[in-house]
Number of protein chains: 2
Amino acid sequence: MSRMKWYECSGDQPDMVVSSRIRLARNLVDLPFHDRMKDEDAKALNERVLQALEGLQLGDNKLHTLKMEQLSPVQRQSLAERHSISPEFATNPNGRMLLLSEDESIAIMVNEEDHLRIQVLLSGLQLTKAYELCSRIDDVLDETLHYAFDETLGYLTSCPTNLGTGMRASVMMHLPALEQSGVISQLSNTISKLGLTIRGTYGEGSNVIGSLYQISNQITLGITEQDSIQNLQGVVRQIMESEQKAREALLKNHAPLEDQIFRSFGILKYARSLSSQEFFEHFSNVRLGASMKLLPVPFETLNGLMEQVGAATVCLSQPEVLPPQARDRKRAEIVREALERIEA
Amino acid sequence: MSRMKWYECSGDQPDMVVSSRIRLARNLVDLPFHDRMKDEDAKALNERVLQALEGLQLGDNKLHTLKMEQLSPVQRQSLAERHSISPEFATNPNGRMLLLSEDESIAIMVNEEDHLRIQVLLSGLQLTKAYELCSRIDDVLDETLHYAFDETLGYLTSCPTNLGTGMRASVMMHLPALEQSGVISQLSNTISKLGLTIRGTYGEGSNVIGSLYQISNQITLGITEQDSIQNLQGVVRQIMESEQKAREALLKNHAPLEDQIFRSFGILKYARSLSSQEFFEHFSNVRLGASMKLLPVPFETLNGLMEQVGAATVCLSQPEVLPPQARDRKRAEIVREALERIEA
């Protein structure tokens, strides 16, 4: 039996927080940075990382080694859709390696923009736990790899925006009520003053789908990891309070909302074809319905669905990405199966 | 236990024919026609009809006597929605009486535009059976009432369009594929040349909803009842063949249609609010899905729903017709209950 994936487990505040992510950018002092690396440098880095990781104890959540050029384009794109790798890592596979834990919570990209990108992704609001795990992996690697570190600046990175802690902490939130009440752009202004940023579902420049927003820290210089996480966590809790109030306001005249929620459930449960956009629209309503205890759909089921409906992920059993029509049918099939036994 | 209603029973060709109806217009020779009747004439007519009907044997399908002015406006409108009475009979109740059988298949309006309107309504394609039952009632009444009858013209009626047989035979058909292929107006031209007419769901001048069409005879003069029914039946069978071919053509690229059908099922099964128009739109898709054996919804359930979702009928438990929003919620509730135990 395979271990449960991170998104199949429950975390704190699942009604508003989908997932928490910590990502550390690290570079080795004795290898050229990414832009100037030669093929043999990349190869050497992969080998040194594998050796260094031998010291890491993860119990039964073992790490799998994936050579990116040995994966099909569909498999690579699917990993990006499930947030295990960056889109850029998927499109340029040469010399690159991914270490992915059995439960997919730990992903270490080797030869990304930085030599190492160590990521931990957990369900719900679990920033501290994600940071602790990330740190532990980081410490093990640091024992043998010798990071590029400056006493004043901190960790040195390829891109200056990561300099310092090299840490990006982010939380994926579901904010349908704030979205409907039209205050997201105002919220965006406020939190940017606090050194944070709010973005669409699939990161920078992506559209918002399913009322899903990523809140992350922007500042990595002159701040400790702990303060950065505290700061983010505090803002997330404030946004949760606002969302809660906005949901209560929506509920005052809840008949149309209730109708919308149940229709979306009916459509997800029975449709034979679902575009990604349409899936997320109904998904958002159903997720809100689950929060309001109108629908008995577990958050784990919903979070799991999100990770299964990407254009490449629905085609994983195929040699290549199917045309949109066939993809939409596959997506509907996956969604139907997940909701089959749930009666409302 | 109350007897099953006519629409809860199955008839022939239920996939395309919802119901068959025969209606006879009759007037008494020794009473003034409707326009010139006084209150006491109407009263006398009601009494004479009740006496005459004592000779009618209907087994356990007994006739209930409903004095129209004793019913609430909601009850009267509901009877019109369920096709037991004409809309005009509902809005002007004074002195009028309805005899309605336990299963609602037999409805005798007394003091309508004609002294008597004898109607039999059966599920599916059952014109001959409906005519036989109508005739039997007509014969019993004729024994004591003395109809206005002219050897050359036939039965005399208030409106000359009914002169002769006084019979209107009609069949309610579900024609989604012919509607989608845009040939209904062409069909309308053809059948008008055959002395028939095609109309919307609720009779003359009404809009078409749910792809439901009424096909009826127009000619009552110079033709026997049997020939008129044969003629209508022949045309109905031809339309069924065309609809069958159109459905097969639709099925050739059936993925979008299948998706539409299942979504409509999901919406009817879960929506918390349904306008009448929206109900019929999804109803039509689900009915087509049942015909195509994609959905395990019995035609009896669908036919029953049609009779339960009228604006007044959904409010039958209330003293008056509710405002649209509350009505739409009641309608959705009725539909949900009917489909609750059906899994697709």
Side-chain angles (χ1 to χ4, degrees), chain A residues 250-279 281-283 285-290 292-297 305 314 322-344, chain B residues 250-279 281-283 285-290 292-297 305 314 322-344:
Chain A
L250 271 186
L251 273 173
K252 274 186 189 149
N253 174 24
H254 81 314
L257 178 64
E258 200 189 347
D259 184 45
Q260 223 174 33
I261 286 168
F262 278 97
R263 280 169 188 247
S264 286
F265 180 68
I267 287 171
L268 290 190
K269 205 169 147 70
Y270 290 108
R272 258 53 189 168
S273 172
L274 281 170
S275 72
S276 176
Q277 188 173 340
E278 213 196 350
F279 164 79
E281 181 192 320
H282 297 302
F283 167 87
N285 288 334
V286 169
R287 204 176 199 289
L288 182 58
M292 291 161 66
K293 305 203 189 307
L294 287 173
L295 289 173
V297 190
L305 266 182
V314 301
L322 298 167
Q325 238 183 325
R327 229 154 60 198
D328 291 353
R329 289 186 67 80
K330 277 264 175 203
R331 183 178 293 109
E333 201 180 305
I334 290 164
V335 174
R336 271 201 320 277
E337 269 168 29
L339 300 179
E340 199 172 35
R341 259 159 268 114
I342 299 170
E343 258 322 306
Chain B
L250 271 186
L251 273 173
K252 273 186 191 148
N253 174 23
H254 81 312
L257 179 65
E258 200 189 345
D259 184 45
Q260 222 174 33
I261 285 169
F262 277 98
R263 280 169 186 246
S264 286
F265 180 69
I267 288 171
L268 290 189
K269 204 169 147 72
Y270 290 107
R272 260 49 189 172
S273 172
L274 280 171
S275 71
S276 176
Q277 189 174 338
E278 213 195 351
F279 164 78
E281 183 191 318
H282 297 302
F283 167 86
N285 288 335
V286 169
R287 204 177 199 288
L288 183 58
M292 291 161 65
K293 306 205 188 308
L294 287 173
L295 289 172
V297 190
L305 266 182
V314 300
L322 298 166
Q325 237 182 324
R327 229 154 59 198
D328 291 352
R329 288 187 68 80
K330 277 263 175 204
R331 183 178 294 110
E333 201 181 305
I334 290 164
V335 174
R336 272 203 316 279
E337 271 169 28
L339 299 180
E340 199 172 35
R341 259 160 269 115
I342 299 171
E343 259 320 309

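Residue numbers begin at 1 in each chain, while the letters A, B, ... track the order of the sequences.
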Is any residue of residues 256-267 of chain B within less than 4.5 Å of chain A by heavy atoms, and which ones?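 So the qualifying residues are Glu258(B), Asp259(B), Phe262(B), Arg263(B), Phe265(B), Gly266(B), Ile267(B).
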With a 4.5 angstrom heavy-atom cut-off, could you sort out which part of Leu274(B) is near chain A: side chain, backbone, both or neither?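 It is both, since atoms from each part get that close.
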Any residue meeting salt bridge (charged side-chain N to carboxylate O under 4.0 Å, His left out) with Glu343(A), in chain and number order, not counting sequence neighbours: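 Scan of Glu343(A) (salt bridge (charged side-chain N to carboxylate O under 4.0 Å, His left out), adjacent residues dropped) gives Lys269(A).
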Where along residues 323-336 of chain A does a heavy atom come under 4.5 Å of chain B, listed by residue number?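 Hits under 4.5 Å: Arg329(A).
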